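Keep in mind that what you see is a predicted model, and the values were worked out from it rather than measured.
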Amino acid sequence: MKEYNMNVWEKLSEQGLVEGEKPEMVVRTPWYIKILLSISGWLGSLFLVVFIGGIIGLVLNDNIEDFPLLLTIVGGGIIFFTYNMFQEQRGDFFEHFLLGLSLAGQGLVIVSVFFILTRNSTFFSMFDKDVLLPIYLFSALFQAFLMWVMPNYIHRVMSSFFMVVALSGFFIIINEPFIINTLLTFVVTWLWLNEFTVRNHARVEAITYGLTAALVFLIYSLFSFSYYIYESINFENKIYFSLYIVELSTFAIFVYVIWNLFVKGKKLNSKRGFLLLITLLVFAYLSIKIGGLIFALILILIGFAHKHNLLTALGIFSAFAFLSTYYYYTGETLMDKSILLALMGVGIFLGRFMMKIVLEKEVSDV
Amino acid sequence: MQESNRNTIIALIENGNIKEENINSVLSLLEIIPSSMAWYNFIDKLLLWFGGLALAFAMMFFSAYNWSALTHIEKFAIVEGVMFLTIVAYLYVDTQKLLSKVILMVSSILVGVLLALVGQTYQTGADSWQLFFYWAILILPFVSIGRFSALWIVWIFLLNLSITLYMDTFGRFFGFYLYEESFALWIMFIFNTLAWSIWEFSSHRYYWLKSNWAIRLLGVVSIISITWLVLISIVDSKYIFSIFVWIITLLLLYYIYRVKKIDLFMLSMGAFSFSIVVVNVLIFSISWRHFELLHIFFIGLVVLALGAGFASWLKSLQKELSDERV
């Protein structure tokens, strides 16, 4: 749903920048109402999963693990039903009910895949690499399919979030826990940078929100627990896509953002602007060791560039979260961290000081 | 330009009213894309904040490192020296500018670093709640002169933290032994509600308190505390008083944010609290021995109905608001 501001239409019409009939006024739902809807949809679906599972259990005399195909058919049927129902606007309650129902159907399908893969397993071998790997991969592909196909905004946000969670599980198991960060950072950055020109805007916007939330969640969990991951999972092979490559690639993405926002847009093309950008780049480069901080910075910059207050707020919140987890990294001593932070602080103030001198010179020249 | 213009543009693009080649012109005309001057100011502020915080955190990490090459006196001299420098810098800076606020924030963090260093050096045996409590007390002068909502939020956060840690340590208050978690929640609820009310009413008088995010944050903490208390009462079937207070809180919330003025965010929080409590009442009112599948189905439907009902109500309020604006 959207909000049409009458003055905007008239203003654009005068300049010949809009065409067609003036649209009717509809209101865009604020993010917190969407979150309220998502949480109750999620919670409601949990009850529905238990209910449907219980009914099936009753019918099958509590041997549901012996009938995975039936579970797949029931779950798939539920999803197909909700897909058809979502095609039309049916009011909040119904839309909400369908969301819960679809999540319940997804739960059944994934559980059935788990039953198929663990048919001849003992309890202890149920969570082996051979079982988890296909489950994560299947869940990611399944969610990617739903993310694109399901004609509902909140459903798309949730599916894209779950897809990333499943993908990250997959990459952890194949010994490359950090690769998804770089890939996703690039995708999310590209989507936000091109949000006004991308086709299928409503669909892509929902997906972008889901991916962004998932990436913040992922970076926070990966960097909070990255060293625990190293210790707790006994990697048989070396991690090829190391943290260092991730850090450098994230910095490269930041440079891409700077190029897009400032160089391409011909903003800040004075001496002072050049200094400002250099300071920003030096700051970003120094912060590559603080996992996620560059991504937070990207969100803040794009949020400001597109007047997207929610994105800016998410960036600020993430920056604090990532900075606070930096204290607990075990890979560096507190002294190393302290020196890095001091360098960042001094570098920034030095940059600002030089900008002030340039500004004074520019003013005196004028 | 308001953020709603952004939404209008998106809606018009989705509707096919704006051609792709005109999008950039539209964004520039409606000032969605910031001007060079707006960028200068924004990045300057951003760097100022990050620079200040980086230095404060650097000092915090340095002090926590407990470097054996330095004597106690040298460590104190470094932290106190930096703190002294920030205070001197504040005296020479225009108090209306952002730089003064950043300096006060850094000084406030350094007070905490100094207190932690005292605890680390002298092994005072003090409980951790004392660190945050004295930290809050000592930075009160900075907070008072700052006229800066973020600094007040930091101050309130420190007090909340000290209350929680105090209850964790003693579980008693003024000699009364109260081990239940609910007592800490009561203290947090009372403290945050008081802060929320004072902030809400003072925001009409002082322009620098007109930060929606701060009022909302305090409201969220208060509502979470009282909702949690009600959940404890439902599980334990005692402390009915909390249910009474919860009802009063929701009624006041409705009166202030629906009747007096409209704030959809606060109303959403109230709706969320109401839904959680109703669902828990339903779950715990059914005896586990008699819990049947139909109960589960019924509760699932209630959850969905509450979410949808409140969303529908909030959307109609939003429509009402936008109609008034037009």
Under 4.5 Å from any heavy atom of chain A - which part of [X]:
| X | result |
| --- | --- |
| B:Leu301 | both |
| B:Ser35 | backbone |
| B:Ile23 | side chain |

Just give me the residue among [options] that pairs up with chain A most often, heavy atom to heavy atom, under 4.5 Å.
| options | answer |
| --- | --- |
| B:Pro34, B:Ser36, B:Ser25 | B:Pro34 |
| B:Ala56, B:Ser63, B:Ser268, B:Ser275 | B:Ser268 |
| B:Leu53, B:Ile18, B:Leu264 | B:Leu264 |
| B:Asp44, B:Leu294, B:Ile33 | B:Asp44 |
| B:Phe57, B:Phe298, B:Phe50 | B:Phe50 |

Please name the pair of heavy atoms, one in [X] and one in [Y], separated by the smallest distance, quoted to 0.1 Å.
| X | Y | answer |
| --- | --- | --- |
| B:Ala54 | A:Gly345 | CB-N, 3.9 Å |
| A:Phe196 | B:Ile13 | O-CD1, 3.5 Å |
| A:Ser40 | B:Val303 | O-CG1, 3.3 Å |

Using side-chain heavy atoms (C-beta onward) and a distance below 4.5 Å, is [X] in contact with [Y]?
| X | Y | value |
| --- | --- | --- |
| A:Met335 | B:Phe62 | yes |
| A:Glu205 | B:Ile10 | yes |
| A:Ser338 | B:Tyr65 | no |
| B:Phe265 | A:Ile33 | no |
| B:Leu29 | A:Leu12 | yes |
| B:Leu304 | A:Leu99 | no |
| A:Phe262 | B:Trp39 | yes |
| A:Ile300 | B:Phe42 | yes |

Answer with side chain, backbone, both or neither: which region of [X] has an atom nearer than 4.5 Å to a non-hydrogen atom of chain B?
| X | answer |
| --- | --- |
| A:Leu36 | side chain |
| A:Phe349 | side chain |
| A:Ala104 | neither |
| A:Tyr327 | both |

Practice task
Name the option with the most non-hydrogen atom pairs under 4.5 Å to chain B; the candidates are A:Leu323, A:Ile39, A:Leu261, A:Leu276.
Solution key: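 Sorted descending by pairs with chain B, the first entry is A:Leu276.
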Problem - Residues in side-chain contact (heavy atoms from CB on, under 4.5 Å) contact with B:Lys45, at least two apart in sequence or another chain - result: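 With neighbours one apart ignored, the set is B:Leu98.
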Practice task
Take B:Trp49 and A:Ile316, measure what side-chain contact (heavy atoms from CB on, under 4.5 Å) needs, and give me the verdict at the end.
Solution key: CA-CA 11 Å; B:Trp49 270 116; A:Ile316 293 170; over 6 Å; no
Atom pairs and distances, donor-acceptor, side-chain atoms in residues 210-219 of chain B, under 3.5 Å, two or more places apart:
residue: B:Lys210; atom: NZ; partner: B:Ser203; partner atom: O; Å: 2.8
residue: B:Ser211; atom: OG; partner: B:Ser149; partner atom: OG; Å: 2.8
residue: B:Arg216; atom: NH2; partner: B:Asp263; partner atom: OD1; Å: 3.2

Handout entry: B:Phe297-A:Phe47 aromatic ring centre distance below 6.0 Å
Key =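 No, they do not, as the ring centres are separated by 6.0 Å or more.
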Hey, could you give me the [atom1]/[atom2] distance between [X] and [Y], rounded to the nearest 0.5 Å?
| X | Y | atom1 | atom2 | result |
| --- | --- | --- | --- | --- |
| B:Asn24 | A:Thr197 | CG | OG1 | 8.0 Å |
| A:Tyr32 | B:Met269 | OH | CE | 12.5 Å |
| A:Leu334 | B:Phe61 | CG | CZ | 7.0 Å |
| B:Leu47 | A:Ile348 | CG | CD1 | 5.5 Å |
| B:Ile43 | A:Leu301 | CD1 | CG | 6.0 Å |
| A:Leu46 | B:Ile296 | CG | CD1 | 11.0 Å |

Handout entry: Side chain B:Asn17, main chain A:Val18, donor-acceptor under 3.5 Å
Key = no
Exercise for the section: Would you confirm whether A:Arg352, through its side chain, and B:Leu48, through its main-chain N or O, come within 3.5 Å as a donor-acceptor pair? Expected result: no
Exercise for the section: Decide if atom CZ of B:Phe272 counts as having more than 12 heavy atoms of other residues, nucleotides or ligands within a radius under 6.0 Å. Expected result: no
Problem - B:Arg6 vs A:Glu195, side-chain contact (heavy atoms from CB on, under 4.5 Å): CA-CA, chis, key distance, verdict - result: CA-CA 11 Å; B:Arg6 185 193 125 76; A:Glu195 67 165 328; 2.7 Å; yes
Problem - N-O pairing of A:Arg203 and B:Glu14 below 4.0 Å - result: no
